[in-house]
There are 2 protein chains.
Amino acid sequence: MEIPPINMSEYNDLLKKNGLSVTESRKKILDLFFESDGALAHADIEKNTDAAFDRVTVYRTLQTFVEKGIIHQIPTTDNSVLYALCKHNCEQGHHHDNHVHFICTHCDKTFCLDDVTVPEVKLPAGFSPSQKAMVVTGFCKECR
Amino acid sequence: MEIPPINMSEYNDLLKKNGLSVTESRKKILDLFFESDGALAHADIEKNTDAAFDRVTVYRTLQTFVEKGIIHQIPTTDNSVLYALCKHNCEQGHHHDNHVHFICTHCDKTFCLDDVTVPEVKLPAGFSPSQKAMVVTGFCKECR
DNA sequence: GCATTTTTGCAATATTGTTGCAAAAATATA
DNA sequence: TATATTTTTGCAACAATATTGCAAAAATGC
Ligand SMILES: [Mn+2]
Ligand SMILES: [Mn+2]
Ligand SMILES: [Zn+2]
Ligand SMILES: [Zn+2]
């Protein structure tokens with residue numbers, strides 16, 4: 001017997017709150033993020049949905065979620081982008097994710113270190129920062 | 001009359017020092033980096049060489065330069081990777097680039113802030129960091 | 001339930017990245 | 001300088017990733 005997803009009505013609310021229609025693909029992709037302990041790449045989502053949804057739908061869903069402030073992007077050095085849930089009060093076009101990200105080079109998991117704030121840096125005169133990201137690589141607590 | 005590239009013999013030396021054959025493509029791509037005030041993406045290099053070299057050659061050259069510690073990669077959030085010259089004493093497989101990068105959201109230039117060191121952060125117990133990168137976005141000194 | 005709006009899937013196309021291999025170029029050797 | 005050896009390049013074929021227009025399907029609002 002299947003264990004039904006716990007938070008389906010939460011997902012409804014989250015989507016509604018952001019002015020989005022509630023659809024199968026959006027609920028499923030949201031669920032993947034809530035059930036995952038790390039960040040997800042586009043490819044991960046395709047795998048985990050068993051190709052139930054068109055690639056294009058996945059691209060558009062991720063883009064929509066980023067725009068709405070439901071997920072945020074994590075920069076990487078390998079021509080890919082990772083996505084993770086926004087934990088705090090991110091909004092349409094205005095993210096507040098200023099935590100450090102940790103990518104394990106052994107198990108490839110990515111962790112949002114929600115309690116580790118990206119430190120301030122003093123920039124040379126003339127530079128006006130708006131966002132800052134910090135990505136740390138190494139061995140995670142499982143892999144060291 | 002053309003002004004000849006100033007540093008051609010420097011380029012020779014740099015390549016030789018790294019055990020690389022001196023070829024037209026490598027000299028030209030090196031020159032692009034030295035003449036550029038910012039970081040370059042693969043696409044930039046293709047444009048600026050007027051397709052004189054095969055795409056594959058550009059890919060391989062960038063990869064080789066990274067391996068040798070001549071250039072370093074800058075993570076981005078848009079499915080691309082930026083490359084910039086290593087200013088310090090980077091070596092084969094061991095980079096020492098720990099400076100902050102600034103990407104201007106207006107002119108799209110990327111700056112290596114060589115004098116701004118990526119600050120230390122205290123990670124949760126169990127995480128062993130090996131590398132850390134910091135990317136700041138905003139308006140650069142020209143665009144603010 | 002029905003009209004309207006939004007989202008999806010498909011197809012076509014574009015862009016980006018990889019691999020094997022023979023020709024060409026660069027380097028080492030004499 | 002000529003020749004042997006090593007390295008690099010370009011091509012072709014292919015694979016993977018991403019974007020767009022548009023009609024069908026689904027979701028929403030009434
Ligand atoms: Mn995060
Ligand atoms: Mn740099
Ligand atoms: Zn790990
Ligand atoms: Zn600028």
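Naming: A, B, ... by sequence-line order, numbering from 1 per chain. Since the structure is predicted, the reported quantities are computational estimates derived from the model, not experimental observations.
In summary, contact between chain A and DNA chain D, defined as any nucleotide atom under 4.0 Å from a heavy atom of the protein, begins and ends at dT17(D) to dT28(D) in the 5' to 3' direction.
Taking atom NZ on K27(B) and atom P on dA25(C), their separation rounds to 14 Å, with Å as the unit. Rounded to whole angstrom, the span from the CZ atom of R55(B) across to the P atom of dT18(C) amounts to 10 Å.
In this structure, F102(A) and T137(A) have side chains that are not in contact, with every pair of non-hydrogen atoms separated by 4.5 Å or more. F33(A) places a side-chain heavy atom less than 4.5 Å from the side chain of I45(A). The side-chain heavy atoms of T110(B) and L82(B), taken from C-beta on, include a pair separated by under 4.5 Å. Using a 4.5 Å heavy-atom cutoff, the side chains of V136(A) and I103(A) are not in contact. Taking the side chain as every heavy atom from C-beta outward, L14(B) and K17(B) approach each other to under 4.5 Å. Looking at I71(A) and L30(A), their side chains never come closer than 4.5 Å, going by heavy atoms from C-beta outward. Between Y83(B) and H72(B), the closest side-chain pair of non-hydrogen atoms is not below 4.5 Å.
Comparing the end axes of the helix from dG1(C)-dC30(D) to dA30(C)-dT1(D), each fitted to five base pairs by superposing C1' atoms of four pairs onto the next four, gives an inter-axis angle of 40° (nearest 10 degrees).
For an aromatic pair to be called close, the ring centres must be under 6.0 Å apart, and Y11(B) with F34(B) satisfies this. F111(A) and H101(A) have their aromatic ring centers separated by at least 6.0 angstrom.
The stretch residues 40-47 of chain A has no heavy atom under 4.0 angstrom from DNA chain C at all.
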* To do: Could you walk me through whether K132(A) and E120(A) pass the salt bridge (Lys or Arg N to Asp or Glu O under 4.0 Å) test, one step at a time?
  => CA-CA 9 Å; K132(A) 47 194 199 308; E120(A) 294 296 325; 3.4 Å; yes
* Asked: When you look at V81(A) and Q73(A), which way does the side chain to side chain contact (heavy atoms under 4.5 Å, CB included) test go after all the steps?
  -> CA-CA 6 Å; V81(A) 179; Q73(A) 297 175 299; 3.7 Å; yes
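Within 4.0 Å of R26(A), counting heavy atoms only, lie sugar-phosphate atoms of the nucleic acid but no base atom.
Heavy-atom nearest nucleotides on DNA chain C were determined for S80(B) and for K16(B), and the one closer to the 5' end corresponds to S80(B). Where V56(B) and T23(B) each meet DNA chain D at their nearest nucleotide, the meeting point lying more 5' is that of T23(B).
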